[in-house]
There are 2 protein chains.
Amino acid sequence: MMPESGLRPRKKDILEKAARLFLERGYKSTSVRDIAFATGIEASSLYSHFPSKESILELLCHECADRFNAAMDAILASAADNDLSRITRVLEFHIDTAFEDPMSGTVFSDEWKNLPEDKKVSYLEKKRNYENKFSTLLAALMDKGLIVKGDPTIKMNTLISSVRWLHHSKKKYTAEEKTAIKKEILDMLTLGLLIE
Amino acid sequence: MMPESGLRPRKKDILEKAARLFLERGYKSTSVRDIAFATGIEASSLYSHFPSKESILELLCHECADRFNAAMDAILASAADNDLSRITRVLEFHIDTAFEDPMSGTVFSDEWKNLPEDKKVSYLEKKRNYENKFSTLLAALMDKGLIVKGDPTIKMNTLISSVRWLHHSKKKYTAEEKTAIKKEILDMLTLGLLIE
DNA sequence: GCTCATGCCTAACGAATGTTCGTGCGGCAA
DNA sequence: TTGCCGCACGAACATTCGTTAGGCATGAGC
């Protein structure tokens, strides 16, 4: 999945197992012993790799926020895109992430609440930064008359939320199914439900 | 004296406080002592009203599922509606609920996972029942050529998810703001983002 | 061959959790 | 009055939680 490749394999392993458990049961419902068992070691051995359970969540949260921001920056910087294709690519990124790395979406919208207060602040800064870029992009599109005018924040939140169900979807999809789902959601968000 | 809604006032009070805490912190992060403190009693006194913490969640979950199903049934049964206005009213119900009773949405999509296995089954049955009615309605609209054809389940999940952010929104809105937000989300979902 | 860090173990810790117990108090029915 | 019942209490319970301490094995570098 995503943990940096500079990490020791065991550490990476723990992060992956923790991420999956946090996704399935939530942070609070996942005990240190659960993570250790999934990794195949004892609970106390975790502390050879991480100073605390919260530090695992912290690492996952910030890594995820950084990945979202990096993707957004890349899309915004790409000269190959006009504004309209930019928003499509942002949405595609959200959908792809939901498929390939479902933990990210959960972290991004839910589990960060379990961070200790100080770590929460710095995470929320990254999150707000991402959302600002998102809604600024929407506002620019409104100004150019490319999308329906309105409150960019409302539209942004609605767009981000709308793919949330994918994260928790247990079903395994084939590549073709993923493409089909992606297209359907994308069409729905851009063109709407109704036939005019 | 409270206008008795079936439940004793203290019991109703506990349920309300618990619902709010479950919404804000999540079920697992809310202790029995938290609920008791919010109600103004001791933890042990809770057990004069409920046999367990889980039973509080169970009651909230099933009550919520029943409310969603009742609303859906009312909309489907109403002769005053055509199919197209039905889907609008379903979406409006979701948005209204997110404003007026934010706990419901959280329960509906998240916190039910904390139910014990046997209670989970009966809850999921109600939820599946609701979702079936929802996607059947969408399928009917597709057949009549009123909405874009596709997978009703994908569309249903996307629609339901898209208002999830409202539940956790801390801001309190005026009635006018609520109406405006509702209209913007509704337009966005039905007409899409793009200007054709 | 010695050192030393690494990674894992067993054992145990204090704190917090959900819950039970015994009790007391006030109101209502007999 | 008597007795019961609903509701509340403080104390204590067993369990689980995150975490720490101390020790043992391994293997790389001198």
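By convention in this document, chain letters (A, B, ...) are assigned in the order of the sequence lines, proteins followed by strands, and residues within each chain are numbered from 1. Heavy-atom basis, side chains included; hydrogens, waters and symmetry copies ignored.
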Practice problem: Might you point out which heavy atoms bring B:P152 and B:L138 nearest each other, and give the distance in Å? | Solution: O-CD1, 3.6 Å
Quiz item: Which part of the nucleic acid, if any, lies within contact of A:T30, taking any heavy atom under 4.0 Å across all strands shown: a base, the sugar-phosphate backbone alone, or nothing?
Solution: sugar-phosphate
Quiz item: Picking from D:dG18, C:dG18, D:dA8, which would you name as closest to the side chain of A:K53?
Solution: D:dG18
Practice problem: Could you check how far NZ of A:K28 sits from C1' of D:dC17, rounded to whole Å? | Solution: 10 Å
Practice problem: Would you kindly check whether a donor in the side chain of B:S44 faces an acceptor in the base of C:dT19, or vice versa, at under 3.5 angstrom? | Solution: no
Quiz item: From C:dC9, D:dC17, D:dT19, pick the nucleotide closest to the side chain of A:I41?
Solution: C:dC9
Self-check item: Side chain to side chain, A:C61 and A:K119, heavy atoms closer than 4.5 Å
Solution: no
Quiz item: Can you check whether B:H49 has a side-chain N or O nearer than 4.0 Å to OP1 or OP2 of D:dA8?
Solution: yes
Self-check item: Phosphate-side-chain proximity, A:R10 and C:dC8, N/O vs OP1/OP2 below 4.0 Å
Solution: yes
Quiz item: Rounded to whole angstroms, how far apart are CD1 on B:I35 and P on D:dA8?
Solution: 15 Å
Self-check item: Side-chain heavy atoms of B:F50 within contact of B:K11, under 4.5 Å
Solution: yes
Exercise. Remember a base hit wins even if backbone is also touched, and classify B:S31 as base, sugar-phosphate or nothing at under 4.0 Å, heavy atoms.
Key: sugar-phosphate
Self-check item: Whole-Å gap separating C1' (D:dT16) and CZ (A:F37)
Solution: 17 Å
Exercise. Would you mind telling me which residue lines up with the more 5' stretch of DNA chain C, A:S45 or A:R33, judged by nearest nucleotide?
Key: A:S45
Exercise. Would you mind reading off the distance between A:F22 atom CZ and D:dG18 atom C1', rounded to a whole angstrom?
Key: 12 Å
Quiz prompt | Nucleotide of C:dG18, D:dT20, C:dC9 approaching A:Y47 most closely (side-chain heavy atoms) | solution = D:dT20
Practice problem: Kindly indicate whether a cation-pi arrangement holds for A:K28 with B:Y27, taking the cut-offs as under 6.0 Å to the six-membered ring centre and within 45° of the axis. | Solution: no
Quiz item: Roughly how many Å is it from CG in A:D34 to P in D:dT16, rounded to a whole number?
Solution: 12 Å
Quiz item: Separation of A:I56 atom CD1 from D:dG18 atom C1', in whole Å?
Solution: 11 Å
Quiz item: Between D:dG6 atom P and B:F50 atom CZ, what is the distance in whole Å?
Solution: 16 Å
Quiz prompt | Integer-rounded Å distance: D:dC17 P and A:E42 CD | solution = 14 Å
Exercise. Give me the one residue out of A:F68, A:F93, A:F134 that meets ring-ring contact (aromatic ring centres under 6.0 Å, His included) with A:F108.
Key: A:F68
Quiz item: With a 3.5 Å cut-off and just heavy-atom distances, do the side chain of A:S52 and the base of D:dG18 make a donor-acceptor pair?
Solution: no
